[in-house]
Amino acid sequence: KVKISLAKKNNIRIVKILHLDTNHPTLLEQLNAAGFENHEDYTSSKIEIEKIIHNYDGIIIRSRFSIDKHFLQQANKLKFIGRVGAGLENIDCRIAKSKNIELIAAPEGNRNAVGEHTLGMLLSLFNKLNKTDKEVKKGVWLREENRGVELDGKTIGIIGYGNMGKSFAKKLRGFDVEVLCYDIKPSVGDENCKQVSLKELQEKAEVLSLHTPQTALTEKMINTSFIKSFSKNFWLINTARGKSVVTKDLVLALKSGKILGAGLDVLEYEKSSFENLFSRNLIPDAFQYLITAENVLLSPHVGGWTQESKEKLAKTIISKIKENFSSSRI
């Protein structure tokens with residue numbers, strides 16, 4: 001990457017960064033030690049932040065609010081946006097790039113957490129752990145009804161073979177499984193996974209795991225037509241983005257048995273900040289089905305949300321900022 005020079009004459013100006021979300025303490029500690037001036041504002045409204053954003057060279061955010069066109073128009077000094085997470089969909093990337101604002105994400109920081117969470121969801125579904133846990137706690141002891149399914153011998157299909165997909169494939173090395181991936185980028189397969197066409201993946205996969213970003217291509221990708229394109233009945237795991245799956249179509253497939261079970265860390269109904277779901281007075285019928293289905297496992301967008309990933313994400317952002325930006329002569 002090209003380093004950003006802020007040099008001009010002999011004056012020195014410290015690079016000012018506004019932190020909009022709390023993160024691991026090491027983020028502030030190391031940026032302070034590296035000579036950056038760090039300001040924290042975790043409570044002001046977006047409108048209030050827009051009034052002061054022109055004072056800053058960089059901002060660091062998780063998902064408190066969206067960084068849209070109007071916000072970026074006020075940020076006339078901004079050189080970078082650091083997103084302490086994997087995706088950038090809460091940022092208007094097109095406008096940011098037109099203003100030469102560097103976008104910094106940290107998928108390297110939570111890829112291991114996502115890989116483990118994905119595997120955990122799959123094994124829990126196969127062995128009905130969420131169902132049996134609830135039953136035993138109620139004094140219900142059913143053994144034959146809770147026979148599990150083994151992962152060995154299955155063909156796993158991964159769509160999206162970047163940081164997260166590769167991490168999940170690596171976790172599968174201890175199992176006797178065939179791992180296939182489909183990605184729009186060529187030549188991404190490795191020793192853990194064979195890259196194939198989408199058609200071949202749909203012909204062979206018995207498990208489908210999504211690891212795609214949210215884009216125009218992936219939004220509503222998993223719909224009835226897509227699901228019916230699979231030759232076999234299959235299990236679905238989504239630890240990527242909720243809007244990739246049309247929930248009502250997923251429910252139809254669960255009811256018909258085409259999808260044998262689903263592990264969903266993300267949901268179509270999430271707000272753009274990722275921090276909330278929806279008004280409790282507006283629960284869709286499809287979601288009502290999911291929360292009562294015994295073959296559906298849900299978690300609140302925490303696939304990459306571990307104690308370890310919190311620090312790894314911070315360190316990844318620190319490294320990228322220090323590599324490309326510094327207090328310089330201006």
Side-chain angles (χ1 to χ4, degrees), residues 86-87 89 114-115 117-119 121-122 125-126 149 151 154-169 172 177-186 188-189 193-270 272 274 278 284-291 293 295-299 301 303:
E89 56 266 40
V114 171
H117 193 92
T118 305
L119 180 58
M121 280 193 135
L122 183 57
L125 284 169
F126 272 24
V149 176
L151 183 53
K154 302 292 188 295
T155 298
I156 315 299
I158 296 172
I159 295 183
Y161 203 61
N163 281 281
M164 310 306 170
K166 289 179 185 292
S167 176
F168 177 48
L172 292 168
V177 293
E178 180 181 20
V179 185
L180 308 175
C181 68
Y182 169 73
D183 196 289
I184 59 173
K185 295 180 180 179
V188 297
C193 184
K194 177 185 177 184
Q195 186 171 6
V196 297
S197 67
L198 180 58
K199 184 175 185 296
E200 182 175 347
L201 185 143
Q202 290 176 323
E203 287 174 350
K204 296 181 177 179
E206 297 162 277
V207 173
L208 174 63
S209 186
L210 302 181
H211 297 280
T212 49
Q214 184 173 309
T215 68
L217 289 175
T218 63
E219 190 167 340
K220 299 184 179 180
M221 176 177 65
I222 310 301
N223 54 31
T224 294
S225 175
F226 187 94
I227 292 167
K228 287 183 177 179
S229 297
F230 280 73
S231 298
K232 302 176 181 180
N233 297 343
F234 65 97
W235 303 77
L236 175 68
I237 308 292
N238 187 11
T239 54
R241 288 294 182 255
K243 294 187 187 304
S244 294
V245 177
V246 180
T247 312
K248 62 181 181 62
D249 292 356
L250 166 62
V251 168
L252 289 174
L254 286 165
K255 289 180 177 179
S256 72
K258 182 63 181 180
I259 292 182
L260 300 167
L264 307 173
D265 180 50
V266 291
L267 290 165
E268 178 183 5
Y269 314 110
E270 288 179 70
S272 59
F274 313 131
F278 45 72
D285 290 341
F287 182 68
Q288 190 65 49
Y289 178 87
L290 294 181
I291 62 178
N295 59 340
V296 174
L297 183 61
L298 303 172
S299 57
H301 204 142

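Here the structure is a predicted model, which is why all the values come from computation and not from measurement.
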Heavy-atom pair with the smallest gap, counting every atom of [X] and [Y]:
X: Ile158; Y: Ala169; value: CD1-CB, 4.0 Å
X: Ser299; Y: Met121; value: OG-CE, 3.3 Å
X: Ser244; Y: Thr212; value: OG-OG1, 4.0 Å
X: Lys204; Y: Lys232; value: O-NZ, 3.7 Å
X: Leu210; Y: Met221; value: CD2-CE, 4.1 Å
X: Gln288; Y: Ile291; value: O-CG1, 3.2 Å

Measuring only between side-chain heavy atoms, which start at C-beta, is [X] closer than 4.5 Å to [Y]?
X: Phe168; Y: Thr239; result: no
X: Leu264; Y: Thr247; result: no
X: Ile237; Y: Leu125; result: yes
X: Phe287; Y: Val251; result: no

Under 3.5 Å donor-acceptor, [X] side chain and [Y] backbone:
X: Glu206; Y: Lys154; value: no
X: Lys166; Y: Val188; value: yes
X: Ser167; Y: Asn163; value: no
X: Asn295; Y: Leu260; value: yes
X: Lys248; Y: Pro284; value: no
X: Asp249; Y: Thr224; value: yes

What distance do [X] atom [atom1] and [Y] atom [atom2] have between them, rounded to the nearest 0.5 Å?
X: Tyr161; Y: His211; atom1: OH; atom2: NE2; value: 10.0 Å
X: Leu267; Y: His301; atom1: CG; atom2: NE2; value: 10.0 Å
X: Ile156; Y: Thr118; atom1: CD1; atom2: OG1; value: 11.5 Å
X: Glu200; Y: Ser231; atom1: CD; atom2: OG; value: 11.0 Å
X: Leu290; Y: Tyr269; atom1: CG; atom2: OH; value: 6.5 Å
X: Leu208; Y: Ile159; atom1: CG; atom2: CD1; value: 4.5 Å

query = Is the CG atom of Leu198 crowded by more than 12 outside heavy atoms at less than 6.0 Å?
reply =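 Result for CG/Leu198: enclosed.
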query = Yes or no on side chain to side chain contact (heavy atoms under 4.5 Å, CB included) for Ile259 and Ile227, after CA distance, side-chain angles and deciding distance?
reply = CA-CA 8 Å; Ile259 292 182; Ile227 292 167; 3.9 Å; yes
